[in-house]
Amino acid sequence: MRIDSKRCHVEVGDAVLLLSPQGRLFRGRKAARNPIAVGDRVRVRLDGEGGGSIEEVLPRTSKLSRASAGEGSFEQVLVANLDQALVVSAVADPELQPDLVDRILAGCEREGLRAVLVFNKVDLVPPDDPGPGHWRAFYEALGYRVVPASTVTGQGIDELRDLLADRLSVFCGLSGVGKSSLLNAIQPGLALAVGSISERWREGRHTTTHSSLLRLDNGGHVVDTPGIRNFGLWGVPPRDVGELWVELEPLIPQCRFADCLHVREPGCAVLAAVEDGRVTRQRYESYLEVLADAQKGRL
């Protein structure tokens, strides 16, 4: 399914129909501006001439959402009813941004979603470059699966194809990291448009302009999203932010104070773990950035 303005491309059996939601679905919307997201299951009324309308959005089993860009005044559901999120980063061109990766991982933890990290473009770094190996070991130590990949050498493509089989997945990450290129390699018949890297900013251009639910030959469905430059968590109270960092969550009950925010409080088990190296400074700083957003009401 794809959503264009107030019309949706809906998969009905083997056909894809362009249907409009009933106006009543938009009434009373507060937390989310659009009542329908890619991946939603809907009940439709067909008119027998290839048209019709969306009558109801069925309850969601899961979602990946963020605060809207700018003021963050509403929830933007990126994908509904998904089984897993593949967080795609490039190890070079553009450089990996661990703070964005950490935010998306926190969004997955909030929903109990399986997250897989895909480190793309490994062909662009020499074999003796320690960067890709460092980041792979770093996130694997936290319990996340990491797939190094390259559309040039074919590394990781078969593994990703197997991961996508019979599941509803989303590819998310910065523009230019190669999400569409990876999907074209996984299933060449998709023929998705791919873009180039801006020479001035070394950032990707938004080739994918909207999220689309794509049907794969292996029984899976995957959502290719536009590039994400920011990922603010929606509606998380400050004291709950730490629970979304897998290495902080077991430490929180050990803090002296029940309302500890792990910033400068005495007897904080998280701060002690940062000091002795059990929690890395990079991950802790990512936590502090999201906590600051929560305290300012931007989540």
Side-chain angles (χ1 to χ4, degrees), residues 62-67 72 75-79 82-89 91 95-119 130-147 170 172-174 228-299:
S62 65
K63 63 182 178 179
L64 181 64
S65 67
R66 65 174 179 175
E75 180 185 24
Q76 180 185 11
V77 179
L78 301 178
V79 189
L82 72 164
D83 299 307
Q84 61 185 354
L86 278 70
V87 186
V88 184
S89 298
V91 296
E95 294 182 358
L96 188 145
Q97 294 192 12
D99 55 338
L100 178 62
V101 171
D102 290 342
R103 283 174 172 262
I104 299 175
L105 290 178
C108 293
E109 293 295 335
R110 183 187 186 188
E111 293 294 327
L113 289 173
R114 179 192 192 195
V116 177
L117 299 180
V118 181
F119 291 162
H134 162 76
W135 288 116
R136 179 176 185 176
F138 179 88
Y139 283 105
E140 285 182 337
L142 295 175
Y144 294 107
R145 182 169 179 175
V146 179
V147 181
V170 60
C172 54
L174 278 173
I228 296 174
R229 293 186 179 180
N230 57 75
F231 194 95
L233 303 186
W234 167 259
V236 181
R239 64 175 297 175
D240 293 345
V241 173
E243 296 178 359
L244 306 180
W245 266 249
V246 293
E247 68 271 47
L248 304 191
E249 192 271 337
L251 297 172
I252 291 173
Q254 304 173 31
C255 293
R256 181 183 303 175
F257 302 107
D259 60 351
C260 184
L261 294 179
H262 326 298
V263 179
R264 59 179 63 89
E265 299 89 339
C268 174
V270 170
L271 289 175
V274 174
E275 289 301 317
D276 66 23
R278 286 177 291 146
V279 172
T280 67
R281 182 67 60 176
Q282 179 263 309
R283 285 277 289 178
Y284 177 65
E285 289 177 354
S286 293
Y287 159 75
L288 290 179
E289 290 178 2
V290 176
L291 176 65
D293 283 350
Q295 291 174 317
K296 294 176 183 177
R298 291 205 298 263
L299 296 187

Which residue, Asp293, Asn230, Ile228, forms the side-chain contact (heavy atoms from CB on, under 4.5 Å) with Arg103?
Asp293

List the steps and the verdict of side-chain contact (heavy atoms from CB on, under 4.5 Å) for Val279 and Tyr287.
CA-CA 11 Å; Val279 172; Tyr287 159 75; over 6 Å; no

Partners of Asp276 by side-chain hydrogen bond (donor to acceptor under 3.5 Å, both in side chains), sequence neighbours excluded?
Arg278

Under a 4.5 Å cut-off applied to non-hydrogen side-chain atoms, are Val87 and Tyr144 in contact?
no

Is there side-chain contact between Leu64 and Phe231, with heavy atoms separated by less than 4.5 Å?
yes

Polar side-chain atom of Gln254 near backbone of Leu251 as donor-acceptor pair, under 3.5 Å:
no

Do Leu142 and Trp245 have side chains that approach each other closer than 4.5 Å (heavy atoms only, starting at C-beta)?
no

Do the non-hydrogen side-chain atoms of Leu78 and Cys172 ever get within less than 4.5 Å of each other?
no

Does Arg283 form a salt bridge (Lys or Arg N to Asp or Glu O under 4.0 Å) with Asp102? I'd like the steps, not just the answer.
CA-CA 7 Å; Arg283 285 277 289 178; Asp102 290 342; 2.9 Å; yes

Whether Arg281 and Glu275 form a salt bridge (side-chain N of Lys/Arg under 4.0 Å from carboxylate O of Asp/Glu) is what I want to check.
yes

I'd like to check Val79 versus Lys63 (side-chain heavy atoms, cut-off strictly below 4.5 Å). Are they in contact?
no

For residues Leu105 and Leu117, determine if any side-chain heavy atom of one lies less than 4.5 Å from a side-chain heavy atom of the other.
yes

